[in-house]
Amino acid sequence: MLKIAFRQEFVHPVKEGHRFPMLKYELIPLQLKHEGLADESSFFSPELASFETCCLVHDPMYVKQLFELTLDSKMVRRIGFPLSQSLVDRERYILDGTIQSAKYALQYGVAFTIAGGTHHAGYDFGEGFCLLNDQATAAGYLLKYKYASRILIIDLDVHQGNGTAHIFEGHNQVFTFSMHGEKNYPFVKQRSHLDIGLADYITDMEYLTLLEESLVNVFREFEPDFVFYQAGVDILETDKLGKLNLSSSTCHRRDELVFQMCHKHNIPVQVSMGGGYSPEIKDIVNAHCQTFRIAIDIYNL
């Protein structure tokens with residue numbers, strides 16, 4: 001069964017011309033239904049994550065300031081969105097959606113959220129359009145309630161998952177693997193358990209070889225019992241922020257490698273969308289929907 005977290009609140013209003021493609025969260029569900037990949041029964045509506053849940057991997061003082069809308073202006077600028085109640089609520093819905101989709105993945109092998117991948121939020125900070133870290137929080141939830149004991153977070157967004165690395169640095173039950181543009185944002189990197197910094201304009205073959213070798217090694221050495229996959233599509237040659245110049249077929253093969261590895265080892269995987277900044281919204285939406293299509297094929301959903 002295919003389960004996907006979605007609420008209309010994922011589509012937060014932004015100023016016209018804003019570089020964050022908020023419209024994609026409205027278009028992805030429509031495209032999935034149009035292609036027959038999902039129907040209304042595939043989607044579930046998350047609730048507001050509680051204060052306690054938001055504090056599973058975040059500093060309670062930082063979370064308190066978010067809830068009370070008292071973050072200082074410097075932090076608000078670092079996040080990149082004007083702070084508002086609806087923005088904080090959106091992030092709380094995203095967190096719960098990722099937690100619930102992780103629980104569905106335990107049942108069905110794989111599950112999704114239309115949003116998420118908020119990997120720039122660290123223990124006591126937000127940045128890069130991320131207030132709270134959805135997959136890190138869901139990992140904390142699975143550990144707390146003993147749904148999993150060895151969690152691998154695979155982050156293949158073009159930008160390093162610096163917030164995730166910040167939260168779990170030195171943690172022995174969560175392994176963070178980030179494969180990203182070395183010269184891209186964030187310009188001050190955190191330390192993941194495994195970082196692979198890629199040169200600008202890496203070739204498709206080099207990228208896929210590095211990824212496959214890394215996945216094989218991490219699965220063999222860490223032996224995870226749950227996987228979170230941050231499936232950003234800003235690696236594409238069409239992306240205005242990516243600098244990797246990778247083809248759509250390479251993005252397709254990337255997703256295949258991750259899902260095939262999880263399926264082969266019978267390890268549940270939760271998928272959050274991550275970034276994508278191609279000038280044409282259709283390129284972003286099609287790349288994200290491709291990720292769903294590949295999982296549906298591999299898991300016979």
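Because the structure is predicted, anything quoted here is derived from the model rather than measured.
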Set of ring pair (Phe, Tyr, Trp, His ring centres under 6.0 Å) partners for Phe67, sequence neighbours left out: Phe51
Determine whether the aromatic ring centres of residues His120 and Tyr185 are separated by less than 6.0 angstrom. yes
Once salt bridge (Lys or Arg N to Asp or Glu O under 4.0 Å) is applied, what residue pairs with a partner in residues 126-149 remain, sequence neighbours excluded? Arg78-Glu127
According to side-chain hydrogen bond (donor to acceptor under 3.5 Å, both in side chains), who are the partners of Asn133, at least two apart in sequence or on a separate chain? Thr164
Is it true that Ser178 and Gln160 share a donor-acceptor pair across their side chains at a distance under 3.5 Å? no
Full working for side-chain contact (heavy atoms from CB on, under 4.5 Å) between Ile294 and His252: CA-CA 8 Å; Ile294 293 164; His252 182 286; 3.6 Å; yes
Determine whether more than 12 heavy atoms belonging to other residues, nucleotides or ligands lie under 6.0 Å from atom NZ of Lys264. no
Are there more than 12 heavy atoms of other residues, nucleotides or ligands under 6.0 Å from atom CG of Asp72? yes
Please write out which residues are connected to Ile153 in a hydrophobic cluster, directly or through intermediates, given that two of Ile, Leu, Val, Met, Phe, Trp, Tyr count as joined at side-chain heavy-atom separations below 4.5 angstrom. Leu56, Val57, Ile99, Leu106, Tyr123, Tyr141, Leu142, Leu143, Tyr145, Tyr147, Ile151, Ile167, Phe168, Val174, Phe226, Phe228
Without placing hydrogens or testing angles, list every side-chain donor-acceptor pair under 3.5 Å for residues 21-28, not counting sequence neighbours.
| from | atom 1 | to | atom 2 | distance (Å) |
| --- | --- | --- | --- | --- |
| Lys24 | NZ | Gly274 | O | 2.8 |
| Lys24 | NZ | His288 | NE2 | 2.9 |

By side-chain hydrogen bond (donor to acceptor under 3.5 Å, both in side chains) - contacts of Ser214 (at least two apart): none
If you count every heavy atom of other residues, nucleotides or ligands that lies below 6.0 Å from His265 atom NE2, does the total exceed 12? yes
Who are the side-chain contact (heavy atoms from CB on, under 4.5 Å) partners of Ser45, not counting sequence neighbours? Arg7
Would you mind listing every side-chain hydrogen bond (donor to acceptor under 3.5 Å, both in side chains) that reaches into residues 105-117, with sequence neighbours excluded? none
Taking Gly117's backbone N and O only, do any of them form a donor-acceptor pair with Gln230's side chain (distance below 3.5 Å, no angle check)? yes
Listed partners of Asp89 passing side-chain hydrogen bond (donor to acceptor under 3.5 Å, both in side chains), at least two apart: Gln85
Would you say Asp195's side chain and Met179's backbone share a donor-acceptor pair under 3.5 angstrom? no
If I take atom OG1 from residue Thr291 and atom CG from residue Asn286, how far apart are they, to the nearest 0.5 angstrom? 11.0 Å
With a distance cut-off below 6.0 Å to the six-membered ring centre and an angular limit of 45° from the axis, does Arg150 pair with Phe222 as a cation-pi contact? yes
More than 12 heavy atoms of other residues, nucleotides or ligands under 6.0 Å from NZ of Lys33: is that the case? yes
Search all heavy atoms of Gln270 against all heavy atoms of Ser272 and return the closest pair with its distance. NE2-OG, 3.2 Å
Using a 4.5 Å cut-off on heavy atoms from C-beta on, say whether the side chain of Leu132 contacts that of Tyr62. yes
When you group the ILVMFWY residues by side-chain heavy-atom contacts below 4.5 Å and let the links chain together, are Val258 and Ile196 in the same group? yes
Close aromatic pair by centroid cut-off 6.0 Å: Phe129 and Phe81: yes
Using the ring pair (Phe, Tyr, Trp, His ring centres under 6.0 Å) criterion, which residues pair with Tyr277? Sequence neighbours excluded. none
Results of ring pair (Phe, Tyr, Trp, His ring centres under 6.0 Å) for Tyr299 - residues two or more places apart only: His263
Just wondering, are more than 12 heavy atoms of other shown residues or ligands nearer than 6.0 Å to CD in Gln31? yes
For Tyr229, give me all partners under ring pair (Phe, Tyr, Trp, His ring centres under 6.0 Å), at least two apart in sequence or on another chain. Phe259
For Glu206 and Thr203, does a side-chain donor sit closer than 3.5 Å to a side-chain acceptor? yes
With no hydrogens and no angle check, just 3.5 Å: does a side-chain donor-acceptor pair link Thr98 and Ser101? no
Can you tell me how far apart NZ (Lys189) and NE2 (His159) are? Round to the nearest 0.5 Å. 9.0 Å
Distance only, no hydrogens: is a donor on one side chain within 3.5 Å (strictly under) of an acceptor on the other, for Asp96 and Gln100? yes
